[in-house]
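Lettering of chains follows the sequences in order, A, B, ..., and the numbering in each one begins at 1.
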2 protein chains.
Amino acid sequence: MRSFRETLAEAEINHSPKLAELKASVKILSVKKGNVLQQQGGINTNLYFVKKGMLRSYIIDEKGKEHIFMFAPEGWLMADGSKDDNPSELFIDCLEDSEVEVVSQADFNELFLPLAAINDKDRTVGMLRRMATMQKRIIMLISASAIERYEHFMETYPDIIQRVPQKMIASYLGITPEALSKVKGMRFK
Amino acid sequence: MRSFRETLAEAEINHSPKLAELKASVKILSVKKGNVLQQQGGINTNLYFVKKGMLRSYIIDEKGKEHIFMFAPEGWLMADGSKDDNPSELFIDCLEDSEVEVVSQADFNELFLPLAAINDKDRTVGMLRRMATMQKRIIMLISASAIERYEHFMETYPDIIQRVPQKMIASYLGITPEALSKVKGMRFK
DNA sequence: GTTAGACGTTAACCTAAATTAAGATGTATA
DNA sequence: TATACATCTTAATTTAGGTTAACGTCTAAC
């Protein structure tokens, strides 16, 4: 990775848009609840923009246990962010009947990223929001108790709470469903 | 956040570089070990590119306990990724005498992000690497035991292990120094 | 209607890691 | 040199959360 100054020294601006190519690279998909869009270990990874419904990404560990990495309701981007060349770390599946737009990782990097940075502040805001979400998540995981993580989640994503089963919330928080149940009971004691 | 198609519909390419402005926006800083570059709660957040040395970002919780969010040795970007308008969540300080390049969050978003996406693949790779690191970190935190997290850290960042005290590694892993000490002993039993 | 799965809750028990405290070593400073 | 301070380790104790299992509710399938 180059430094800021090195970047400047080498910078030459020339950019010819390829709108047709861009348009062709986007596929629209209707996905039924339960459908799996992407497998852990797969090599062709995509980005999914959720127009309607909700997607979920998760891993399955050696003991066969599911751990939810992220929920993506309407307006969110769903993607496996593991390094480009590596196979996908995540499963992605569909929690509600959904409509999504799909772009391959390769197309996104080559075509969308440059375009988005210039013309689509919302797109970069989307990436920044993703980063902010992950940062907060890490901070909660290393510093907060189960109940604090739960309360933070409720405040931040009250919508998601209504739409997914408790056991998935527990999985997202990094605890068992039983522990979440216990912890919820304790709040009103 | 707009969808891919909406983005395309609205896209108009025009981009005039402002190299002079860009250059002026970069400051070079020599920082002594222990210096604090940025405070939790501060409003003027910067991005730091580490040319030499090492930076660290961390929070201090209500009980006064430190939790390390990230290390940034040479070649890494250090930044608080909490939402633009919010005050900084993180302290950033200096673990070794360092040389860093500094750009304000505002300048970065307005000037560097567009430029980098087009001309500097390494820069976007840097952001993607950041995302990949965070993703892996979250997965480890929700699914792996203390010892597994430690072993993963050793494999992934053998360099950092040599350069920072154990208690900071523990803090990064989300465990106490005592627990890390115990866990290290257990590996050779 | 009956049955079989999912889901959520509760409780008994267990374990990993936190807390507290003490001691051993190293290092910077008066 | 002596003092203080930070780091790491070990051990005793406590606690948050995991595991296992039982039970009630709900929904889907027969």
Out of C/dG8, C/dA18, D/dC8, whichever nucleotide has its closest atom nearest the side chain of B/K167: D/dC8
Could you give the NZ-to-P distance, from B/K182 to C/dA17, as a whole number of Å? 8 Å
Spacing between A/E66 atom CD and C/dA6 atom C1', to the nearest angstrom: 13 Å
Expressed in angstrom and rounded to an integer, what is the separation of A/I169 atom CD1 from C/dT9 atom C1'? 17 Å
Nearest whole Å is fine: how far is C/dA17 P from B/E148 CD? 9 Å
Looking only at side chains, do A/S88 and A/D80 share a donor and an acceptor under 3.5 Å apart? yes
Is it true that, when you exclude A/D159 itself, more than 12 heavy atoms of the residues, nucleotides or ligands shown sit nearer than 6.0 Å to its CG? yes
Euclidean distance, atom NZ of residue B/K33 to atom C1' of C/dA28 [Å, nearest integer]: 11 Å
What is the distance, to the nearest angstrom, from the CD atom on B/E178 to the P atom on C/dA22? 14 Å
Give a yes/no on whether any side-chain N or O of B/T176 is located under 4.0 angstrom from OP1 or OP2 of C/dA18. yes
Are A/M78 and A/I92 side-chain neighbours, meaning at least one heavy-atom pair lies under 4.5 Å? yes
Check the phosphate of D/dG18 against A/K63, side-chain N and O only, distance under 4.0 Å to OP1 or OP2. Yes or no? no
Rounded to whole angstroms, how far apart are CE on A/M168 and P on C/dC7? 7 Å
Residue-phosphate contact under 4.0 Å: B/S181 side-chain N/O, D/dC8 OP1/OP2: no
Between atom NZ in B/K65 and atom P in C/dT20, what is the gap in whole Å? 10 Å
Hey, would you say the B/Y157 and B/F71 ring centroids sit under 6.0 Å apart? no
Give a yes/no on whether any side-chain N or O of A/K184 is located under 4.0 angstrom from OP1 or OP2 of C/dT9. yes
